[in-house]
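Okay, so here's the structure we're looking at.
From a predicted model like this one, the values you see are computed outputs, not experimental measurements. A note on names: the letters A, B, ... follow the listed sequences, proteins ahead of strands, and every chain is numbered from 1.
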There are 2 protein chains.
Amino acid sequence: MASASTSTTSPSWHPPSAAGKRAASAARWDPRGWRRISNRSIFGSVSAPGPSSGVAATSVGWETLDRYGIARPACVITASLDEAIRFLERAAGRVVVLKAVTDEHKLRLGLVMTNLRTAEQLSGAWRDLASRSALPFLLQEQVEAGPEVIVGARHDPSFGAVVLLGLGGRFADALARREIRLAPVAPTEADRMVVALLGEPLPRLSDILVKVAQLIADRPNLQELDLNPVILSPSGPCAVDLRAVDGPITPGEDDAPGARQAIRRMLKPRSVAIVGASANLVKPGGRALRYLRQSAPDLPVHAVNPRREMIEGVQTVGQIAELPFGIDVAIVALPASNVVPTLEALHERGIASAIVFASGFAEVGNDAGEADVRAAGRRLGIRVCGVNSNGVLGDVPLTFSQAGEKGWQAGSVSFVSQSGALSGSLLMQSWAIGLGTARSICVGNQTDLEISDYLDFLADDAATRTVGVFLEGVRDGRRLARSMARVTESGKGLVVLRAGASAVSSLAARSHTGVLAGSAEIYRQVISQAGGSIAEDLPELVGMCQALDWQPHAASRRVAIISTSGGAGSLLADMVDQRGLLLPELEPEVQAELRNVLPPFAPTRNPLDTTAAITYEPELLGRMAEPVLASKEVDLLLIAISTLTGRQAETIAGDMVRLASRSSKPIVIAWSVPESAVGPAVAMLRQSRIPVFDSFALAASAASALSPGS
Amino acid sequence: MASASTSTTSPSWHPPSAAGKRAASAARWDPRGWRRISNRSIFGSVSAPGPSSGVAATSVGWETLDRYGIARPACVITASLDEAIRFLERAAGRVVVLKAVTDEHKLRLGLVMTNLRTAEQLSGAWRDLASRSALPFLLQEQVEAGPEVIVGARHDPSFGAVVLLGLGGRFADALARREIRLAPVAPTEADRMVVALLGEPLPRLSDILVKVAQLIADRPNLQELDLNPVILSPSGPCAVDLRAVDGPITPGEDDAPGARQAIRRMLKPRSVAIVGASANLVKPGGRALRYLRQSAPDLPVHAVNPRREMIEGVQTVGQIAELPFGIDVAIVALPASNVVPTLEALHERGIASAIVFASGFAEVGNDAGEADVRAAGRRLGIRVCGVNSNGVLGDVPLTFSQAGEKGWQAGSVSFVSQSGALSGSLLMQSWAIGLGTARSICVGNQTDLEISDYLDFLADDAATRTVGVFLEGVRDGRRLARSMARVTESGKGLVVLRAGASAVSSLAARSHTGVLAGSAEIYRQVISQAGGSIAEDLPELVGMCQALDWQPHAASRRVAIISTSGGAGSLLADMVDQRGLLLPELEPEVQAELRNVLPPFAPTRNPLDTTAAITYEPELLGRMAEPVLASKEVDLLLIAISTLTGRQAETIAGDMVRLASRSSKPIVIAWSVPESAVGPAVAMLRQSRIPVFDSFALAASAASALSPGS
């Protein structure tokens, strides 16, 4: 019984009459194919050139799916119509589908013939397809219709094997929803991917994710694998199309030893050499020496300069060979071409840590020069910070950044930054809100030591309580994930701001969009999974660090809001909600206590409003905060103050300082007028390590950073 | 031929054997029904109680769809199996589906039997269904499978008839993607909805949207209509389930006359009465009088106070009846209960504009008191600002807000705010960044005059160049849309910050989520369509107003970035991209000019980087900006400066001022260190109306506000 004669739930196939052929031909460029099988990678990149892919032979084929127990329809690839008919007969009444073997948009090009039940229908379809596409063809048992998803995997250059679950079906491109994880994927994590994407658990789909993750992890030469679509048919998920791309194996790198000791020498040096020391303060070697002498006049410093005898009160030597043995760290303030010979000379004097200021390497396309420095360091056993770093600020400044000169505010936040300029901005923004710094490290090009090495050090650094990172990218994403987790597991706060998702936005770079955007998602996922908070801008990075550094962490994501104006409370409630925090109802006992302090008409529901009574009675805020902090329903208190200033503000600040000292729950304050207008209250609060922001959004972000992952 | 015997592309129905009955029973609570037909409104709210709905009789039924030409399958509702079998026979070989008539989750409850081809199958299904659900049943021709969408419409309390397009199918709840528009919907707008949701045009789906929008607009008593799902079958979109809820007709309100004149009297008064004037500066009537006398000592002011003779140098009268005739506006600074008698007395003296400070009305549940004030105003012909307003600041302050006392910075930005406290914050934040104000209006409860009235006034107000709005909600959303469009059509900038999307976040208010979230989407869509920019926080509202007030508007969304550090440029590029701005490649001639000024190794691609050369040569930024501003490829210049301060900063600022004075393209600057650290450069730039932000995100938002809608 030909499907064309009855109404069924999938597109009908018509025998290839002349009219049918015209229709099929017209359908070639019809953008409304009902299911899109694209030749684009599901990670968004255009197919890589190279080994043959798709249903054609690669290291992964249909039989591979069978070995991993991934359901797929029975199929055969054949150039013989007779064999095809035998396949149909063996299918015992099931409908089959005939496809061309190509990575093109088969369905959109009219190269997929569905609902074939009889030998006559199959023969007609075969002749039609053969007139438009080369043999062999793929014959498959047709899978019952259902929602479609995409399961994919690839070897990411930074993160290694990753697995993806995305929406499939006709509108997949427009929906662009997907979940990415590092492989292998535990069953519980696969469940989380499914629920995050589809809103409900589907154990058999989770199972496919686990298996695909295993498959890619097992095959270092498998660059990309796409099962697109996987049909969630009534009888279970089934992979009906397969595309695989082989690629080269990227060898893993062995970490060079001694990173921790080298970084210790940079941050807590007992002696320093400056190669390229200068009396000219425009030059990095001049500034670094000046800043170091100003901050640490007693630290032994050795300056190398062939032309002068005394700079900044330091007796120079003419060449490295004249340095004494046993110096902890050398600053190399010489042009790029001098770096390798300098490292060799330092090695002769037993120096094993170097901070290299020179730029002109990979950041301007000089990859060879950078590789030479790296190789020299490895060969000589010298660990290098940089190249293209403006230095580090630890116990002493070893930097030519102006931050080395400013009034340093000591504290327990450490910054690691891939941008020297932005590490300066982070310090100045921190100090402007009273947040002190432990260490500031500009990693430069990460020629040798990379962000992960510094994070490993900071995880165990007694001076560091909170770590803020400005990240663009790393060579080894898996190591980064481990190092970030080490920071949070040691009880320290971690906040990461990542840039670089959008060379994207350059029209010129659009061809790279997919890969970059894909990486951006992996970075976000990895940061969250390591227990870090994600900031979107510098003030948010600093604000989140401040909250984590100053306040206890919250036990849950349930917060209370007290505002001094309904509008402020409403705005802050929106922001709290956007960040996945909860505003629970307070228990009746707490509401009864609030009833006693609030004016009779005022509601006692969270978010709470002092009403205008606060302008006459500034103590009201403290009286409300006391029972709210004692509530079992909430673990963090957010306070939104609008225009109160001067004496009223000081009363409120005093009450908050008193309450905070007795509470184990964090308090974050938003004050929506400029700090200068509020008066001394802001300084009072900061003195007691209570964060105050002039933006509701920053306050909500800080509260989110203080709360456990959603 | 029973469908169960072949593999088809939709769930099979099995004859009701004992095993089958058990399976059907088990399926009742199986959360994996393959298609969800929910009894929740597609706007997210729980079904309203009230008139019967669904396929049962309401004002809208299947035949209504026929009248509007909306495709739907042939169907019959019958309690007779014989009639059902005749329907099957008439279907001439097509498959039919049998459903219970209920608003419950039919498919999840096993109340949908599909793929019925023969009278025998139909009889079996009928008996099975009858054992579990009441007659009559719905019999439908089965529609071929395809992607599913939801088309809906409702009468929103603020916006009237709106129409919605959302994703349907099994995972619709998790995907939660939808487009909402005010009805009626033009065909081009319907096309935009389809492309926004699905990424491609589908003219026949657009056609259904236009028709459904017409249908809801035609029926003021139709509260909600859901076509869920509309199947995008190979033969075209087809509505296979229908749910309609009737409701009361909300009568339209006639606008009371004279709003414009009344607002003119409040903002540009020639004489003022203060009822409840006081010598006590804690009292609103005391503060308002003080601020007014301080700012406008020559303006005729009449103070009403029964107990004192002279306050702030103003001779008081004991009662309103002693006031002279012809006073422009009265401030009513008395408790709630006195407001109506006061309005009556003011009417006797010919006063037609009143600003009412009193709170204690609808905001604390006293709806009746508020209605009384409203009715009194209408009856007496007095237009009221408030109740619960802290006043307005126009040519003179008529307010008890502390902003009335501060050093007023005059300018051309006007704020309209639903929160008195936040209007104070907006002024203080504006003045802190050198942005002057024209008018500040606190609308209070909008008992009479509402935001739309003030926007209509400001659209024609010569003193106002830019309008910033803090919005929670309005009674008449359509009027708001028209008033916002009037502002932008008069060439003025418009920025709106809306709060109130998330009573949501209160666990207690969760039942209202859908309605509120739905409204939030409509507000966003309406603001954008009126040409307004949407801000997410107060500093963003102020920053966007500053950019619109100070800089020319951009001709396109194509921007160039020049940064003084790669990290800053990369971060800003991400933010620009997130806001839908474009970073095009610059033309070869411009790149050649850049080649001449940049160091040899520096790339000439957008986003541009000065490289570290800027620290030695601060003129470089100006030299780069000049050809970039002349580029035909970009219409806005964003500059990201990291740590440059002092003299270098002044050089850069001077160059920017010079270039801006000669360019018709807007310039926005992000300086990622605190203003206090930058030095005089910031003031130089603001003096020349060039916006400077210490956050990259604010700068990107300002650039977006300056650019035409994407």
Measuring from atom OG1 of A:Thr610 to atom CG of A:Leu644, what distance do you get when rounded to the nearest 0.5 angstrom?
7.5 Å
Select, from [options], the one with the greatest count of heavy-atom pairs under 4.5 Å involving chain B.
{"options": "A:Pro603, A:Ala432, A:Gly199, A:Ala568", "answer": "A:Ala568"}
{"options": "A:Ser417, A:Ser695, A:Pro539", "answer": "A:Ser695"}
{"options": "A:Asn366, A:Leu538, A:Asn390", "answer": "A:Leu538"}

Which bit of B:Tyr616 is near chain A, if near means a heavy-atom gap under 4.5 Å: side chain, backbone, both or neither?
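Side chain only.
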Measure from the side-chain N and O atoms of [X] to the backbone N and O of [Y], and report whether any donor-acceptor pair falls under 3.5 Å.
{"X": "A:Arg204", "Y": "A:Ser235", "answer": "yes"}
{"X": "B:Asn606", "Y": "B:Glu585", "answer": "no"}
{"X": "A:Arg117", "Y": "A:Val95", "answer": "no"}
{"X": "A:Gln142", "Y": "A:Asn115", "answer": "yes"}
{"X": "B:Glu363", "Y": "B:Phe361", "answer": "yes"}
{"X": "A:Arg287", "Y": "A:Lys283", "answer": "no"}

Measuring heavy-atom distances to chain B, does [X] have an atom under 4.5 Å in its side chain, in its backbone, in both, or in neither?
{"X": "A:Leu497", "value": "side chain"}
{"X": "A:Asp694", "value": "backbone"}
{"X": "A:Phe696", "value": "both"}
{"X": "A:Gln429", "value": "both"}

Top residue by heavy-atom pair count (under 4.5 Å) with chain A, among [options]?
{"options": "B:Ala697, B:Ser672, B:Ser565, B:Gly424", "value": "B:Ser672"}
{"options": "B:Ser642, B:Gly365, B:Ser401", "value": "B:Ser642"}
{"options": "B:Ala421, B:Ser419, B:Gly360, B:Gly420", "value": "B:Ala421"}
{"options": "B:Val364, B:Leu426, B:Ile641", "value": "B:Val364"}
{"options": "B:Val673, B:Ile561, B:Thr564", "value": "B:Val673"}
{"options": "B:Gln418, B:Arg177, B:Glu472, B:Glu141", "value": "B:Arg177"}

Hey, does A:Leu571 have a side-chain heavy atom less than 4.5 Å from the side chain of B:Leu422?
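Heavy-atom side-chain distance check passes, below 4.5 Å.
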How far apart are the closest heavy atoms of B:Thr611 and B:Pro599, and which atoms are they?
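Taking every non-hydrogen atom into account, OG1-CG, 3.6 Å.
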